[in-house]
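Because the structure is a prediction, the values reported are computed rather than measured. Only heavy atoms go into these numbers, but all of them, side chains included; no hydrogens, no water, no symmetry mates.
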Amino acid sequence: MPRKGMTFSAVRTIGLKLPQVEEGTTYGSPALKVRGRLLACMAVHKSAEPNSLVVRIDFDQRDFLIAEDPDTYYLTDHYVNYAAVLVRLSRVHSDALQDLLLGAWRFVGAPARRKPRR
């Protein structure tokens with residue numbers, strides 16, 4: 001039996017359980033933010049496949065995810081210089097999405113490290 005896949009509604013449900021996450025929009029697309037900073041949103045750039053989610057993560061984690069599961073995680077030229085990965089909602093499992101959003105929350109919500117004063 002084929003899987004229906006995830007929707008932004010499921011993303012919202014998972015994401016809003018994290019501290020200080022709020023609903024918003026980015027470029028007119030539904031989004032989740034942490035203290036005003038983007039956590040995840042539906043991809044609106046024309047290079048992204050339909051029903052794809054953009055999730056903010058660091059570059060090393062992005063590279064790992066794409067290498068491990070390229071059917072679920074991918075990147076287009078537009079997103080290369082952004083600390084984010086594209087996620088095919090039709091392919092991602094709910095537990096993987098939960099882990100990914102938690103990692104994104106840590107990445108986006110972590111307090112900025114101060115540079116030492118000289």
Nearest 0.5 Å please: distance from the OH atom of Y82 over to the OG1 atom of T76. 10.5 Å
Around atom CG of D95, are there more than 12 heavy atoms from other residues, nucleotides or ligands closer than 6.0 Å? yes
If a pair satisfies ring pair (Phe, Tyr, Trp, His ring centres under 6.0 Å) and one of its residues is in residues 15-39, list it, with sequence neighbours excluded. none
Do the side chains of V55 and L16 join up, straight or via other hydrophobic residues, at under 4.5 Å, putting them in one cluster? yes
On the six-membered ring of Y73, is R88 placed so that its NZ or CZ lies under 6.0 angstrom from the centre and within 45° of the ring axis? no
Main chain of G109, side chain of R35: is a donor-acceptor contact present, judged purely on distance under 3.5 Å? yes
Nearest-0.5 Å distance, CD of residue E49 to CZ of residue R91: 10.5 Å
So for atom CG, which belongs to D71, do other residues, nucleotides or ligands contribute more than 12 heavy atoms lying within a distance under 6.0 Å? yes
Within the structure provided, determine whether L65 and I57 are in side-chain contact (heavy-atom separation under 4.5 Å). yes
Does R56 reach the side chain of L39, with side-chain heavy atoms less than 4.5 Å apart? no
Do S47 and Y79 pair up side chain to side chain, a donor and an acceptor below 3.5 Å, judged on atom types alone? no
With side-chain contact (heavy atoms from CB on, under 4.5 Å) as the test, would you mind laying out the steps for I14 and M6 before giving the verdict? CA-CA 11 Å; I14 294 168; M6 303 293 281; 4.3 Å; yes
Give me each pair satisfying ring pair (Phe, Tyr, Trp, His ring centres under 6.0 Å) with a member in residues 29-56, each pair once, sequence neighbours excluded. H45-H78
Given side chains that start at C-beta, do those of T26 and K33 come closer than 4.5 Å, heavy atoms only? yes
Side-chain heavy atoms nearer than 4.5 Å, only ILVMFWY residues, links allowed to pass through others: does that put V92 and L102 together? yes
For the student: nearest non-hydrogen atoms of V54 and A84, plus distance: CG1-CB, 3.8 Å
If only atom types and distance count, is the side chain of S52 paired as donor or acceptor with the main-chain N or O of A48 below 3.5 Å? no
Below 4.5 Å, heavy atoms only, C-beta onward: do S29 and F8 meet side chain to side chain? no
Please report the closest heavy-atom contact between L32 and G15, naming both atoms and the distance. CD1-CA, 3.8 Å
Can you find a heavy atom in the side chain of R62 that is under 4.5 Å from one in the side chain of L75? yes
Cluster overlap L89 with L38, hydrophobic side-chain contacts below 4.5 Å: no
V21 backbone acceptor or donor facing W105 side chain under 3.5 Å: no
Heavy-atom check, side chain of M42 versus side chain of L53, under 4.5 Å: yes
Decide yes or no on side-chain contact (heavy atoms from CB on, under 4.5 Å) for F107 and Q61, but give the supporting numbers first. CA-CA 10 Å; F107 176 69; Q61 185 181 7; 6.0 Å; no
Ring pair (Phe, Tyr, Trp, His ring centres under 6.0 Å) contacts touching residues 46-65 (sequence neighbours left out): none
